[in-house]
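Positions are given from 1, in the same order as the sequence printed here. Fair warning: this is a prediction, and the values are worked out from it, not measured in the lab.
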Amino acid sequence: MARTNPFTFLQQVRSETAKVTWPSRRETMISTIMVLIMVLIASVFFFTVDQIYSWVFDLIFGPAR
């Protein structure tokens, strides 16, 4: 594998970074809100499932002491 000197490497990195299509502020905010909503939904779901399992196990084995 050929070695690239640091100056050439930085030029290549700068060139590739210029090709990136960065999201707008609005797109970033919408994506962030969507992620937070999905996290909230997932946490409520797993909390509910955990409570149901706990209730079922208490019915079968009795309350934990």
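The backbone N or O of V44 sits less than 3.5 Å from a side-chain atom of T48, completing a donor-acceptor pair.
Of the inter-residue distances, the one linking I60 atom CD1 with W55 atom CH2 reads 10.0 Å to the nearest 0.5 angstrom. Put simply, OG1 on T32 and CE on M34 are 10.5 Å apart, with the number rounded to the nearest 0.5 Å.
The shortest side-chain heavy-atom distance between S31 and T28 does not fall under the 4.5 Å cut-off.
M38 and I30 fall into different hydrophobic clusters, defined by Ile, Leu, Val, Met, Phe, Trp and Tyr side-chain heavy atoms under 4.5 Å apart, directly or through other members. Taking hydrophobic clusters as Ile, Leu, Val, Met, Phe, Trp and Tyr residues chained together by side-chain heavy-atom distances below 4.5 Å, F61 shares a cluster with L59. Cluster membership for I52 and I41, using ILVMFWY side-chain heavy atoms within less than 4.5 angstrom, is not shared. Grouping the Ile, Leu, Val, Met, Phe, Trp and Tyr side chains by contacts below 4.5 angstrom, directly or via other members, places Y53 with V56.
Here S24 pairs with R26, E27 under the side chain to side chain contact (heavy atoms under 4.5 Å, CB included) rule; sequence neighbours left out. Under the rule for a side chain to side chain contact (heavy atoms under 4.5 Å, CB included), the partners of N5 that lie at least two apart in sequence or sit in another chain are F7, T8.
Other residues sharing the hydrophobic cluster of V20, ordered by chain and number and joined by side-chain separations under 4.5 Å: W22.
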